[in-house]
Number of protein chains: 2
Amino acid sequence: MEDIDVQIMKLLLEDGRMSYTDVGKATGLSTSAAHQRVRRLEQRGLIKGYRAVVDVEALGLPLTAFVSVKPFDPAAPDDVPERLAGLSEIESCHSVAGDENYILKIRVATPADLEGLLARIRFAANVSTRTTIVLSTPFDGRTPDLPGSRPVGG
Amino acid sequence: MEDIDVQIMKLLLEDGRMSYTDVGKATGLSTSAAHQRVRRLEQRGLIKGYRAVVDVEALGLPLTAFVSVKPFDPAAPDDVPERLAGLSEIESCHSVAGDENYILKIRVATPADLEGLLARIRFAANVSTRTTIVLSTPFDGRTPDLPGSRPVGG
DNA sequence: GCTGAAAAGCCTATAGT
DNA sequence: ACTATAGGCTTTTCAGC
């Protein structure tokens with residue numbers, strides 16, 4: 001059998017609104033025990049929250065792009081993430097090993113908005129940018145096969 | 001005032017388990033009306049589902065990378081997404097404009113797993129790969145500022 | 001499309017093993 | 001750590017505007 005906590009997280013990954021009763025049924029626990037485990041997972045930070053999955057493309061943000069950034073001045077202290085955090089169009093910011101220092105994923109409404117955002121990124125963080133436009137997204141946000149039983153950080 | 005449906009989606013983006021009662025309070029609607037609107041948003045596909053946000057890094061998948069892929073044979077019919085869909089380590093697949101054809105985001109446990117996955121990607125889709133390892137993630141999964149009132153696809 | 005009310009079911013806490 | 005129970009609240013449906 002599989003580690004129950006991992007099983008619970010898989011269930012909630014697929015349906016974040018599943019009731020504790022149903023989580024219990026699926027794992028062979030009582031409602032209380034299932035609820036208890038979920039709460040412990042939340043407290044330990046393994047479950048960080050719950051989100052609706054919203055179709056942002058249909059909602060006025062059809063343009064997605066990846067933006068690689070590299071500081072103009074490699075000697076300057078690196079506070080790029082802090083400087084970019086205020087730009088709400090930036091969905092994610094990853095520090096990476098490679099030719100560039102960061103990869104951002106951004107969402108905007110129009111090419112003109114993209115142009116403006118890139119200017120704000122360069123200005124805010126003193127970086128050069130390289131932009132890769134997303135044409136379509138065959139799949140996204142898939143939930144990984146979590147490795148089975150074990151550590152769970154306890 | 002802001003379009004109520006957009007407001008509802010923002011609320012559920014931040015807390016996917018918020019009760020319809022609370023959604024109603026926040027939007028000035030009765031519980032029934034709020035519930036009704038959420039159900040319509042789900043049926044229209046604007047809300048695609050609900051997910052727990054799970055800390056996969058802490059859960060045995062600490063290695064994230066972006067993999068750009070390019071077919072060896074540019075003349076071959078492009079069924080790369082279909083061929084890659086079966087690899088569960090691939091979280092997302094974006095078709096992009098630029099030097100490469102697709103950008104994948106992948107998650108694995110170890111460098112050895114990455115090596116194996118890259119081999120499987122190349123073999124499954126007949127592509128070359130360029131891999132950018134993620135060192136850290138200052139932020140991820142931020143919810144965009146949705147453009148205010150309007151179309152909502154209706 | 002909204003309100004309001006009622007039944008069914010869920011959440012949460014408590015007590016006990 | 002789990003089960004069982006019970007009160008309060010939520011979900012869901014339905015009648016009416």
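Everything numeric in this text was worked out from a predicted model, so none of it was measured. Below, read A as the first sequence line, B as the second, and so on, with proteins coming before strands; counting in each chain starts at 1.
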Residue B:A33, side-chain heavy atoms: nucleotide from D:dT3, C:dC2, D:dT13 that is nearest: C:dC2
Carboxylate-amine/guanidinium proximity below 4.0 Å for A:E91 and A:K105: yes
A:R39 vs C:dT12: side-chain N/O to OP1/OP2 distance below 4.0 Å: no
Out of C:dA13, C:dC11, C:dT3, whichever nucleotide has its closest atom nearest the side chain of B:Q36: C:dT3
Distance in angstrom units between B:R17 CZ and C:dC10 P, rounded: 12 Å
Co-membership, hydrophobic cluster, residues A:V56 and B:Y50, 4.5 Å side-chain: yes
d(CG, B:D22; C1', D:dT11) in whole Å: 13 Å
A:R40 side chain, from C-beta outward: closest of C:dT12, D:dT11, D:dC2: D:dC2
Spacing between B:M18 atom CE and D:dC9 atom C1', to the nearest angstrom: 16 Å
Per B:S30 side chain, nearest of listed nucleotides C:dT3, C:dC11, D:dT11: C:dT3
Interatomic distance where CD belongs to A:E42 and C1' belongs to C:dT12 [whole Å]: 13 Å
Separation of D:dA4 C1' from A:H35 NE2 (nearest whole Å): 16 Å
Expected output: side-chain B:R142 to main-chain A:A85 donor-acceptor under 3.5 Å: yes
Length of the NZ-P vector between B:K25 and D:dT11, whole Å: 11 Å
Ion pair check, B:R107 and B:E57, cut-off under 4.0 Å: yes
Which nucleotide in C:dC11, D:dT11, D:dT5 has an atom nearest any side-chain atom of A:S32: D:dT5
Rounded interatomic separation in angstrom, taking CG from A:D3 and P from D:dA1: 12 Å
B:R37 side chain near C:dC2 phosphate (N/O to OP1/OP2, under 4.0 Å): yes
